[in-house]
Amino acid sequence: MRIATWNVNSVRSRIDRVMGVLERHDLDVLMLQETKCRDDQFPAMPVQAAGYELAHVGYNQWNGVAVISRVGIEDVQVGFEDMPTYGDPAVSEARALGVTCGGVRVWSLYVPNGREVGHEHYDYKLDWLERLGVDAAKWLADDPQAQIALAGDWNIAPTDADVWDTEFFEGRTHVTPPERAAFQGIVDAGYTDVVRPYTSEPRTFTYWDYTQLRFPKKQGMRIDFALCSPALAARVTGASIDREERKGKGASDHAPVLVDLD
DNA sequence: ATGGTCGCAAAGCGA
């Protein structure tokens, strides 16, 4: 079984690339973030024609998360318990979708960006992560053998090695101690980054800004992760980052992150 | 090459 996560940055503008990723990697499950559409706008036909089922939540042109699976779609949960809201009026955003696929509980997650340190969105990000951690800990407490993947765009570079230039990021979001502590909180709850051991080369990234020729200059960030519960981590036989997918016209600014399970 | 990012409910915002 092979699962993957990808911040697609608009599924409508990139559905051909989505189908290409599914086929090229023979994926059983693909989690998407930033679909940027409502449920009724999701281009479901090619997905279904290829033998996949689809779960999606999207309320407007922002955010939006999906799970595409050919090993079943069960127990769909939109958002987690006590997921923080944002805005005025405060609303629940389409940033978390839990689905059971072939016995694996996958969560497609799009962690709030934070915008700027000290911004209301930054506090929202930290709160969101803390609440996620509380819920994720409960899932494992309820069933220590649960196979759970918390996968998606975490908008955090957990270590200095995960950004192309630490100086560039001084004072910016994604690298601050509170964000890194929040990420570590999920790890401490029992979830392991199963991809890093297979992708440990220096300057291995999952995201490159569209501007400033960041991709050809290899100036990226590692901010997309698949964190797995112990029982699921024990099944991992390999992982990779599809850097090729970032190339060419019409690429997302993120690359797919893939995990092989026995 | 005096500019060099995308995407959207677009002329402004979010990433």
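Letters A, B, ... are given to chains in the order of the sequence lines, protein chains preceding strands, and every chain is numbered from 1.
- Between A:D209 atom CG and B:dC6 atom P there is a gap of 10 Å when expressed in whole angstrom units.
- Heavy-atom distances to DNA chain B give each of A:D153 and A:N60 a nearest nucleotide, and the one nearer the 5′ end belongs to A:N60.
- Annotation: salt bridge (Lys or Arg N to Asp or Glu O under 4.0 Å) contacts involving residues 136-148 of chain A, sequence neighbours excluded, comprise A:E81-A:K138.
- B:dA9 and B:dG4 are spaced 24 Å apart, taking the P atom of each and rounding to whole Å.
- Per the geometry, CZ belonging to A:F215 stands 23 Å off P belonging to B:dA15, to the nearest Å.
- Here A:S10 pairs with A:S13 under the side-chain hydrogen bond (donor to acceptor under 3.5 Å, both in side chains) rule; sequence neighbours left out.
- In the hydrophobic clustering, A:Y210 connects to no other residue, as no ILVMFWY side-chain heavy atoms lie under 4.5 Å from its own.
- At the heavy-atom level, A:R214 lies nowhere under 4.0 Å from the strands shown.
- Grouped with A:L126 in one hydrophobic cluster are A:V117, A:Y122, the linkage being side-chain heavy-atom contacts under 4.5 Å among Ile, Leu, Val, Met, Phe, Trp and Tyr residues.
- For B:dG7 and B:dG3, the P atoms lie 23 Å apart once the distance is rounded to whole Å.
- Toward the 5' end of DNA chain B, the nearer of the two residues A:S10 and A:T211, judged by each one's closest nucleotide, is A:T211.
- Rounded to whole Å, the separation between the C1' atoms of B:dC6 and B:dT2 comes to 23 Å.
- Looking at A:T206 and A:R222, their side chains never bring a donor and an acceptor atom within 3.5 Å of each other.
- Put simply, CG on A:N7 is 11 Å from P on B:dA15, counting in whole angstrom units.
- When the P atom of B:dC8 is taken as reference, atom CZ of A:F42 falls 13 Å away, rounded to whole Å.
- Hydrophobic clustering, defined by side-chain heavy atoms of Ile, Leu, Val, Met, Phe, Trp and Tyr closer than 4.5 Å, leaves A:W62 isolated from every other such residue.
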Taking only nitrogen or oxygen atoms into account, show me every contact under 3.5 Å that the protein makes with nucleotides 10-14 of chain B, one pair per line with its distance.
none

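- Atom-to-atom, CD of A:Q212 to P of B:dA15 comes out at 19 Å; the value is rounded to the nearest Å.
- With rounding to whole Å, A:H254 atom NE2 is found 14 Å from B:dC6 atom P.
- Regarding contacts with the backbone of B:dC8, every side-chain N or O of A:R14 stays at 4.0 angstrom or more from both OP1 and OP2.
- Across the protein-nucleic acid pair, A:Q41 atom CD and B:dG7 atom P stand 16 Å apart, rounded to whole Å.
- B:dT5 atom P lies 11 Å from atom NZ of A:K217, rounded to whole Å.
- A donor and an acceptor atom, one from each side chain of A:T176 and A:E179, are located under 3.5 Å apart.
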